[in-house]
Amino acid sequence: MDMNRMVTLTQIKEEIRLAREEETGKMAARPAYFSGMKALIEGAFALASYFEQMHLQQKVYVSDDPSAFFFDLESGAMTCCAKELFEEISDDGDVIKTGENLIGITEYAAPELLEACSRGEPLHFNDETDRYFLSVFLFEYFFHTGSPFEGKMMVNRCFLSPLEKEMFRAEHGIFCMDAGDHENPPVKGIQDKLIRHWKVYPDILRKMFMRAFMDGGTSTYLRPSAVDWMKVFVQMIMDYKECGCGYHGFSFTLKEQENGTRTCPRCGKVFYPLTNGMDTIWLAEGQQLYECQTGRLPFDKETVTGIVVENRQQKGLYGIKNLGSAEWRGMYPDGSIREIGKNQGMPIWGGMRLRFELGEDWFLRMNTIREYEEEASQQNRKDEDYE
């Protein structure tokens with residue numbers, strides 16, 4: 001990794017990094033921004049994945065210092081430069097710290113740690129405190145704003161000491177992005193980054209933070225795990241669209257059409273919805289499918305297993321071509337069923353169903369059966385017609 005483009009979580013939050021100038025060799029302040037949205041999400045995935053790796057080794061985080069984590073601004077690759085901050089848990093599932101080992105009072109600490117600290121009791125680090133650390137780290141990673149509870153209530157208590165402030169947060173804190181009416185909204189002029197960035201990301205990410213800080217504040221078992229976060233980041237990477245015209249954004253930024261499709265706001269390219277009832281894969285010409293969407297490896301974002309291509313015999317008719325080794329099954333609206341092997345495909349018609357490797361049915365719902373019948377009568381359906 002090029003350390004000149006590596007930044008800590010603290011620098012990401014502050015949006016400033018120090019980099020060495022080639023001409024003078026001196027350190028100078030530079031912006032700390034990722035090269036693009038996918039690199040940003042990859043970094044978040046890497047952070048959650050690292051916590052999960054530590055958990056598999058029966059280790060938990062015993063600090064609250066975000067500067068231990070470094071990210072590559074170009075790729076999102078992450079490394080931890082202080083692995084000693086993860087310690088192996090005891091048979092009781094805790095790492096206990098007392099006396100001089102107590103952590104400082106910061107917005108990263110879980111409420112139960114703050115309460116124990118205020119009473120002078122030993123601190124019990126475990127999987128649930130890790131879930132809180134990770135959620136706060138990710139909140140600052142995405143929104144660069146400080147504590148998730150740093151809204152109107154906390155701003156009005158700026159006269160409190162650090163200990164008093166964090167104890168108030170632990171006992172009375174309200175997540176500042178609570179979806180309902182509440183007393184602690186973000187303050188314009190102070191938390192503009194949070195207000196602006198909150199609208200940029202899809203609902204799946206916002207709901208995870210609500211779960212972490214509304215449900216999981218004191219109900220520790222409800223906090224999202226590292227694996228929960230990893231699943232969300234995979235979905236976000238798959239949902240982020242980069243059109244050939246240069247437009248890029250999450251699928252919710254595409255223009256909705258009456259027939260259920262969506263189009264690129266810039267060039268009008270059509271995206272077709274493939275859904276299992278819960279999740280949706282938006283298909284467009286050239287769009288690739290990955291192992292995490294069609295196969296048995298939910299975190300494999302690299303292996304391409306399919307692609308949307310135009311039919312060789314009929315221009316304007318698109319299909320999904322199988323590029324993987326696993327066989328798919330296509331179910332047509334007329335009741336016929338076809339096995340779709342490698343380098344074979346199925347057309348994108350309304351009413352079609354597609355069963356990937358795990359046996360879950362995905363539906364194409366953007367046209368009527370009549371439109372399918374009209375299209376089917378115009379050409380001979382051949383699996384090999386998709387280039």
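Between D192 and K188, no side-chain nitrogen of the basic residue sits less than 4.0 Å from a carboxylate oxygen of the acidic one, so the salt-bridge criterion is not met. Between E327 and K342 there is no salt bridge, since none of the side-chain N atoms of the basic residue sits less than 4.0 Å from a carboxylate O of the acidic one. Remark: E15 engages K193 in a salt bridge, criterion side-chain N to carboxylate O under 4.0 Å. Salt bridge annotation for D215-R211: absent, with no cationic side-chain nitrogen under 4.0 angstrom from a carboxylate oxygen.
Heavy-atom neighbours of H248 NE2 from other residues, nucleotides or ligands within 6.0 Å: at or below the threshold of 12. Heavy-atom contacts from other residues, nucleotides or ligands closer than 6.0 Å to NZ of K269 number more than 12. When the shell of 6.0 Å around CZ of R329 is examined, it contains 12 or fewer heavy atoms from other residues, nucleotides or ligands.
A cation-pi arrangement is found for R338 relative to Y332, the charged atom lying closer than 6.0 Å to the ring centre and inside a 45° cone about the ring normal. Judged by a 6.0 Å distance limit and a 45° cone about the ring axis, K301 is positioned over the six-membered ring of F45.
Looking only at distances, a side-chain donor or acceptor of R262 sits under 3.5 Å from a matching main-chain atom of S251. Put simply, the side chain of Q11 gets close to the backbone of T8: a donor and an acceptor are under 3.5 Å apart. Side chain of D203 to main chain of K207: no donor-acceptor pair is present (N/O by atom type, distance under 3.5 Å, no hydrogens or angles). Using a distance-only test at 3.5 Å, with no hydrogens or angles considered, no donor-acceptor pair links the side chain of D361 to the main chain of R353.
In this structure, F34 and Y141 have tilted ring planes: the angle between them lies in the 30° to 60° band. Between W328 and F356, the ring planes are perpendicular. Angles over 60° get that label, and only those under 30° would be called parallel. Aromatic ring pairs are classed by plane angle as parallel below 30°, tilted from 30° to 60° and perpendicular above 60°; the pair F175 and F213 is tilted. In this structure, F139 and F209 have perpendicular ring planes: the angle between them is above 60°, well past the 30° mark. Ring pair Y61/F133 is perpendicular by interplanar angle, where above 60° counts as perpendicular and below 30° as parallel.
Note that the CE atom of M278 and the CD atom of E360 stand 10.0 Å from one another [nearest 0.5 Å].
Contact record, P111 with R223: CD-NH2, 3.7 Å, taken as the closest heavy-atom pair. Between P224 and M208 the shortest heavy-atom distance is CB-CE, 3.4 Å. The minimum heavy-atom distance between I16 and A29, with the atom names listed, is CG2-CB, 4.1 Å. Residues C117 and L123 share a closest heavy-atom pair of N-CD2, 3.7 Å.
The side-chain heavy atoms of T129 and R131, taken from C-beta on, include no pair separated by under 4.5 Å. The shortest distance between side-chain heavy atoms of I348 and L283 falls below 4.5 Å. Under the 4.5 Å side-chain criterion, counting only non-hydrogen atoms from C-beta, M153 is in contact with F168. F142 is not listed as a side-chain neighbour of V200, based on a closest heavy-atom distance of 4.5 Å or more. At a threshold of 4.5 Å between non-hydrogen side-chain atoms, the residues L40 and Y201 count as touching. At a threshold of 4.5 Å between non-hydrogen side-chain atoms, the residues W229 and L205 count as touching. Considering only heavy atoms from C-beta on, Y290 comes within 4.5 Å of M238 through its side chain. In this structure, F71 and M6 have side chains that are not in contact, with every pair of non-hydrogen atoms separated by 4.5 Å or more.
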**Report entry** Stepwise side chain to side chain donor-acceptor pair (under 3.5 Å) test for E128 and T220
**Finding:** CA-CA 6 Å; E128 292 173 345; T220 57; 2.8 Å; yes
Query - Residue pair T145, E140: steps toward the side chain to side chain donor-acceptor pair (under 3.5 Å) verdict - result: CA-CA 6 Å; T145 189; E140 296 206 350; over 6 Å; no
Query raised in the report: Does the side chain to side chain donor-acceptor pair (under 3.5 Å) test come out yes or no for D334 and S336, once each step is laid out?
Result: CA-CA 6 Å; D334 63 4; S336 61; 2.7 Å; yes
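Residue Y247 belongs to a hydrophobic cluster whose other members are L254, F271, W282, with links defined by side-chain heavy atoms closer than 4.5 Å. Taking Ile, Leu, Val, Met, Phe, Trp and Tyr as members and joining any whose side-chain heavy atoms lie under 4.5 Å apart, directly or through other members, the hydrophobic cluster of Y221 also contains L222.
Checked against the 6.0 Å centroid threshold, F137 and Y108 count as a close aromatic pair.
With hydrogens and angles left out, the side-chain atoms of T10 and S67 include no donor and acceptor closer than 3.5 Å.
For Y50, the ring pair (Phe, Tyr, Trp, His ring centres under 6.0 Å) partners are F86, not counting sequence neighbours.
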